2 protein chains.
Amino acid sequence: MVDFSEVDPDRIEPLYEQVADALRAAIRAGEIRPGYRLPSESAIVQETGVSRLTVRRAVQVLVSEGLVTVVQGRGTFVSR
Amino acid sequence: MVDFSEVDPDRIEPLYEQVADALRAAIRAGEIRPGYRLPSESAIVQETGVSRLTVRRAVQVLVSEGLVTVVQGRGTFVSR
DNA sequence: AAATATTTGTACGTATGTATG
DNA sequence: GCATACATACGTACAAATATT
């Protein structure tokens, strides 16, 4: 679903921004539609190799943009 | 300046909120005026006994409220 | 000008708690 | 009860920007 292939610690952009970019791109491309769940934090950790802290910071960016909503115990969802 | 005496891990409120509350109270009381610096992160760590991560989360809360502005290498300042 | 200190920024790991399925 | 998923919180290390000596 989400293409994390460009996430690379050797790039100058902070990792949390790179992860946020990948998630944002997937949402904008309609790969994850409004109301649907993003991959879980631990899934993103596994797919990207970054830490959970970094994933959470990336998600926070999307929350502040109003793109997603986080629900404890359930997941992170694309805003309608 | 800032009264952190009520910051206590045994209270139910998350520590980062407790720290944010103390900073917000000091600002609202005029103990730190607009344009002036808050205590540094490490100073708050020493005064409260919480981790720097927790201090930074507290500051983020105030940033999101528009109460303070953070400048790398300089400090955190009360918004004018 | 240069080195050092201070302060915030990024990022890792680990542990435990809370809410939901 | 158990598994999954997010929440809080500790520690550590190094980088980047700024201020000081």
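Letters go in sequence order (proteins before strands), and every chain restarts at 1. Computed from a predicted structure; not experimentally measured. Every heavy atom of this structure was used, including side-chain atoms; hydrogens, water molecules and symmetry mates were not.
You won't find any donor-acceptor pair under 3.5 Å spanning the side chain of B:R57 and the base of D:dA7, going by distance alone. Side-chain atoms of B:Q72 and base atoms of D:dA16 include a donor and an acceptor less than 3.5 Å apart.
In terms of heavy-atom proximity, B:R37 sits nearest to B:I32 at O-CG2, 3.6 Å. For the residue pair B:E6 and B:R11, the shortest heavy atom distance occurs at O-NH1, 2.8 Å.
Atom CD of A:E41 and atom P of C:dC12 are 14 Å apart (whole Å). In this structure, the CG atom of A:D8 is 12 Å from the P atom of C:dA11, given to the nearest Å. Residue A:R56 contributes atom CZ, which lies 14 Å from atom P of C:dC12 at whole-angstrom precision. The nearest whole Å value for the distance from the CZ atom in B:F77 to the C1' atom in D:dA17 is 12 Å. The distance between atom CD1 of A:I12 and atom P of D:dA15, rounded to the nearest whole Å, is 14 Å. Rounded to a whole Å, the CG atom of B:L15 is 17 Å from the P atom of C:dT16.
With hydrophobic clusters built from ILVMFWY side chains whose heavy atoms lie under 4.5 angstrom apart, B:L38 shares a cluster with B:V45. In the hydrophobic cluster analysis, where Ile, Leu, Val, Met, Phe, Trp and Tyr join through side-chain heavy atoms closer than 4.5 angstrom, B:F77 is grouped apart from B:V63.
C:dA1 makes up no base pair with any nucleotide shown, lacking Watson-Crick or G-U wobble contacts both under 3.5 Å.
If you check every strand for non-hydrogen atoms under 4.0 Å, B:V59 touches nothing.
For A:S51, taking side-chain heavy atoms from C-beta onward, the closest of the listed nucleotides C:dG9, C:dC12, D:dT8 is C:dC12.
For the pair A:Q18 (side chain) and A:E13 (backbone), a donor-acceptor distance under 3.5 Å is present.
Applying the 4.0 Å criterion to OP1 and OP2 of D:dT4, one finds that A:S40 has every side-chain N and O outside that range. Between B:R37 and C:dT7, a side-chain N or O to OP1/OP2 separation shorter than 4.0 Å is present. Distances shown here put every side-chain N or O of A:T76 at or beyond 4.0 Å from the OP1 or OP2 atom of D:dA5. One finds no side-chain N or O of A:Y16 lying less than 4.0 angstrom from the OP1 or OP2 phosphate oxygen of C:dA11.
Position along DNA chain C of the nearest nucleotide to A:R52 versus A:E13 favours A:E13 as the more 5'-ward residue. Nucleotides of DNA chain C nearest to A:V71 and B:G73 differ in position, and the one nearer the 5' end is that of B:G73. Sequence order on DNA chain D of the closest nucleotides to A:L53 and B:R74 puts A:L53 first from the 5' end.
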